[in-house]
2 protein chains.
Amino acid sequence: MARAAKPRENKDKKARDLPTGIALLWGEQDQPARGPKPSLTPQRIAQAAVTLADAEGLETVSMNRVAAEFGVSAMALYRYVPGKTELVELMVEAVLAEPPDLSAVGSGWRARLSAWAHRQWAVYQAHPWLLAATAMRRQIMGPHQLAWMDTALAALEPTGLTPGQRHQVFLLIAGQVRSLAQQRADFDEDHNREWGRLTSELLNRHSDRFPALTKAIADGAFTSTELDPLDFGLDRILDGVQVLIDRA
Amino acid sequence: MARAAKPRENKDKKARDLPTGIALLWGEQDQPARGPKPSLTPQRIAQAAVTLADAEGLETVSMNRVAAEFGVSAMALYRYVPGKTELVELMVEAVLAEPPDLSAVGSGWRARLSAWAHRQWAVYQAHPWLLAATAMRRQIMGPHQLAWMDTALAALEPTGLTPGQRHQVFLLIAGQVRSLAQQRADFDEDHNREWGRLTSELLNRHSDRFPALTKAIADGAFTSTELDPLDFGLDRILDGVQVLIDRA
DNA sequence: CATGATTGTTTAAGACATAAACAGTTTAGA
DNA sequence: TCTAAACTGTTTATGTCTTAAACAATCATG
């Protein structure tokens, strides 16, 4: 990482005037005619990186480590992938797999959007590093990412909202899932307990400075498990969207 | 970075059984009696790092670069700060400054929460690196972060919601601001235009795969500027919260 | 005034991404 | 069939980063 944006010439012929990284994401690359048979593919490399990240976290995904998985040198990967940035993009794309099929989920926009959010949430749960991976660089490019977006927008079509509003609602839902995943990632069980211990210790010393917070903790607002955060947030947002629809 | 979690012994005496990093965040450190006068403080270091990050991005904040700002060697900083992780935490704390005073903002919970969100948004706008800085590691520890949280929770007290619900609403609002900042950070003006160009190019080739998306773009859903994303999202969420309140 | 805590420096280790040069492999075209 | 181009994978090397370790200089307190 830490590489400045560099033009990086595109030498492909068949992949028509697309930046190399994007051609890769869309699988639009020409396979070579001459030379030794490639022993790898970008997709296999990305897959290995994904299982590695799933098991040991994104930090341990280095070119060296991934290459070792195939018994080749780190530099060998550069024959398939322009750089680490692009590898991570491929990882994201790999994990997004096929978008959810919402046709089975009733026909209401609300049920469908809710289902969409839950599927997306499941992906974040299965691959916690996804958050960091998409946080670092540009969003939304690969076909799988676009497909997810497409299904959400399709679910919103029957609402009667304007296209601009539908887009905003999509952003809202996607953002909610994402930010919740963020909050989860920060607080695993152990860490949460430790955080609670330290925070109450500190609050004891400064309870006058944080009255509302102190009270909230005393009332168990942070330890109650009766509310599922994802559903709570979704219900509020969707209720709010319903209000907007009714008003039109 | 890329440092495994290491216990790191605490040698302070006055800072009572707090991990060094946290004592630092709360300003609970004893100043030394003997030895040369320190030429720096953790706060001044953090401040320099903040102005550096504001000007040139978080990537350029390296121990070397920050130290150079004071004309000292990189290692000198380690006399004041245990490591880079803690420096970043101090940066966050520095930028959160004093929490907003919402007492001037009418008395309704809704107006106050909205104002809170706008202030938080302003912070993200002023310091785009804040996102990456808080994304990497644990959230919420320093007194300033807690103070922001406190004001939001205080604004929610008159709603009649349960403590658990208020907490969830807080998370929802904070998450919305954050995820919006995320989306903004990814898409500056130029990048946005380039993204639109490439995406429509790709959609032209695969429009059958993404019907809803294609239509949305054709309808200008992505280029309409009439809706302010922050206010749109807030209005939906707050409407939804209102529904919940009315139902109780 | 000397002792020991504390500051800042130099040196160096180890991880990382990736550039450059090179040796071996395969196939298209002569 | 042979040769040259295209391609793969390797080794070597560079620059960047965090941070450990050893050391020299400094200053209040006994």
In whole Å, I'd like the distance from the CZ atom of B:R65 to the C1' atom of D:dT18.
17 Å
According to salt bridge (Lys or Arg N to Asp or Glu O under 4.0 Å), who are the partners of B:R44, at least two apart in sequence or on a separate chain?
none
Aromatic ring pairing B:F170/B:W116, orientation class (parallel under 30°, perpendicular over 60°, tilted between):
perpendicular
Sorted by chain and number, sequence neighbours left out, side chain to side chain contact (heavy atoms under 4.5 Å, CB included) with A:R65 holds for A:L52, A:E56, A:S62, A:E69
Of B:P38 and A:K37, whose nearest nucleotide on DNA chain C comes first from the 5' end?
B:P38
Kindly list each side-chain donor-acceptor pair under 3.5 angstrom involving residues 75-82 of chain B, sequence neighbours excluded, with atom names and distances?
unit_1, atom_1, unit_2, atom_2, d
B:Y80, OH, B:S39, N, 3.1
B:Y80, OH, B:L40, N, 3.3

Only counting residues at least two apart or in another chain, list the ones meeting ring pair (Phe, Tyr, Trp, His ring centres under 6.0 Å) with B:H206.
A:W26
Where along residues 71-81 of chain A does a heavy atom fall under 4.0 Å from DNA chain D?
A:V72, A:S73, A:M75, A:A76, A:R79, A:Y80
Any carboxylate oxygen within less than 4.0 angstrom of a Lys/Arg side-chain nitrogen, looking at B:R197 and B:E201?
no
Per nearest nucleotide of DNA chain C, the residue lying toward the 5' end, A:S62 or B:S39, is B:S39
Under 4.0 Å protein heavy-atom contact, by nucleotide of nucleotides 1-6 of chain D - B base, S sugar-phosphate only
-----B
Calculate the interatomic distance between A:N64 atom CG and D:dG9 atom P; express it in whole Å.
16 Å
On a heavy-atom basis, the closest approach of A:G233 and A:Q176 is CA-NE2, 3.4 Å
Interatomic distance where CZ belongs to B:F70 and P belongs to C:dT7 [whole Å]
15 Å
